[in-house]
Amino acid sequence: MLNLVLFGPPGAGKGTQSEKIIEKYSLVHLSTGDLLRSQIKAGTELGLKAKTLMDQGVLVPDEVVIGMIDAKLQEHQDAPGFIFDGFPRTVKQAEALDELLKSHNEQISVMVALLVPDEELKKRLLIRGQTSGRPDDQNEEKIKTRIFEYNSKTTPVADYYRQQNKFVSIGGVGEIEEIFEAICGAVESN
Ligand code: ADP
């Protein structure tokens, strides 16, 4: 099984690259951002609670996203592998993911981090906000909060995988196709 964590700040290009990776390796895409947005759309209690936090740009509680990932792993027991996008975002989530995968006799194969400077991220997110309709992409303050949350809570997740010798970083500025080739190289040399 190929279990890939795609890592990087908001606006790094995880969504774009995920689509290409999924197509090439037939993986199941698990994006906690997408899962949360579908809860909001469905108007569930969980969605209502998450929306307030997401609109501010802060993380939703670990238990919520871990529970969603657990359910998806159960649902796709026969998948050839998974791509985790936007998860794990805290060390607690990374530890929980290891435990969940272990209970299925599986593990993370590799974490690929996309590196993009903060200034470029802000630019990309504001442009995306003009078309995505995502409230968290439309306001500079919210974008700053998300980048701050990333730098404080999520960056330590890279060290978690570095300690397991599973961490690879790739420049996320440049041609989409070139970045994709670099990701494939990292996946296949692992
Ligand atoms: P982006 O990476 O572009 O910021 P996502 O779609 O991954 O966007 O996430 C949007 C929001 O959803 C986050 O700002 C956060 O509030 C919430 N969220 C998504 N995934 C997680 C997670 N693993 N843990 C906590 N909160 C999350």
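In listed order, ligands and their atoms are each counted from 1.
Every atom of ligand 1 is numbered from 1 in the order shown, and the set under 4.0 Å from a heavy atom of R146 is 1 (P), 3 (O), 4 (O), 14 (O). Near K14, meaning under 4.0 Å from any of its heavy atoms, are these atoms of ligand 1: 2 (O). Close approach of ligand 1 to P10 (heavy-atom distance below 4.0 Å) involves ligand atoms 1 (P), 2 (O), 3 (O), 4 (O). Using a 4.0 Å cut-off to heavy atoms of M54, the atoms of ligand 1 that qualify are 11 (C), 12 (O), 16 (O), 17 (C). Near G86, meaning under 4.0 Å from any of its heavy atoms, are these atoms of ligand 1: 20 (N), 21 (C), 22 (C), 23 (N). Within ligand 1, the atoms closer than 4.0 Å to a non-hydrogen atom of Q93 are 22 (C), 23 (N), 24 (N), 25 (C), numbered from 1 in the order shown.
The side chain of V65, and not its backbone, has at least one atom closer than 4.0 Å to an atom of ligand 1 (non-hydrogen atoms only; side chain from C-beta on). When heavy-atom distances to ligand 1 are checked against a 4.0 Å cut-off, R124 has no atom that comes that close, whether in backbone or side chain. Counting heavy atoms under 4.0 Å from ligand 1, residue K92 does not touch it at all.
Protein heavy atom nearest atom 3 (O) of ligand 1, with residue, atom name and distance: R128 NH2, 2.9 Å. The shortest contact between atom 18 (N) of ligand 1 and any protein heavy atom is with L36 CD1, 3.5 Å. When hydrogens are left out, the protein atom nearest atom 20 (N) of ligand 1 is T32 OG1, 2.8 Å; that is the closest non-hydrogen contact. Of all protein heavy atoms, the one closest to atom 8 (O) of ligand 1 is R134 NH2, 3.1 Å. Nearest to atom 26 (N) of ligand 1 among the protein's heavy atoms is V60 N, 3.1 Å. Of the protein's non-hydrogen atoms, the one nearest atom 16 (O) of ligand 1 is V58 O, 2.6 Å.
Closest approach of L121 to P10, counting heavy atoms only: CD2-O, 3.3 Å. Closest approach of F7 to P88, counting heavy atoms only: CE1-O, 4.3 Å.
Under the 6.0 Å cut-off for aromatic ring centres, F82 and F87 do not qualify, their centroids lying 6.0 Å or more apart.
In the model, Q164 has a side-chain atom that pairs as donor or acceptor with a side-chain atom of D98 under 3.5 Å.
Evaluated for a side chain to side chain contact (heavy atoms under 4.5 Å, CB included) with I22, the options L4, I83, D85 yield exactly one hit, I83. Tested against D137 for a side chain to side chain donor-acceptor pair (under 3.5 Å), the candidates R146, Q130, R124, K142 yield a single pass: R146.
If you check each of E149, K153, M68, R89 against atom 13 (C) of ligand 1, the one with the closest non-hydrogen atom is R89.
Judged by the 6.0 Å and 45° rule, K20 forms a cation-pi pair with F180.
The environment of Q77 atom CD is dense: over 12 non-hydrogen atoms of other residues, nucleotides or ligands sit within 6.0 angstrom. For E75, the CD atom is densely surrounded, since the number of other residues' heavy atoms within 6.0 Å is greater than 12.
Residues L36 and L46 meet the side-chain proximity criterion, which asks for heavy atoms closer than 4.5 Å.
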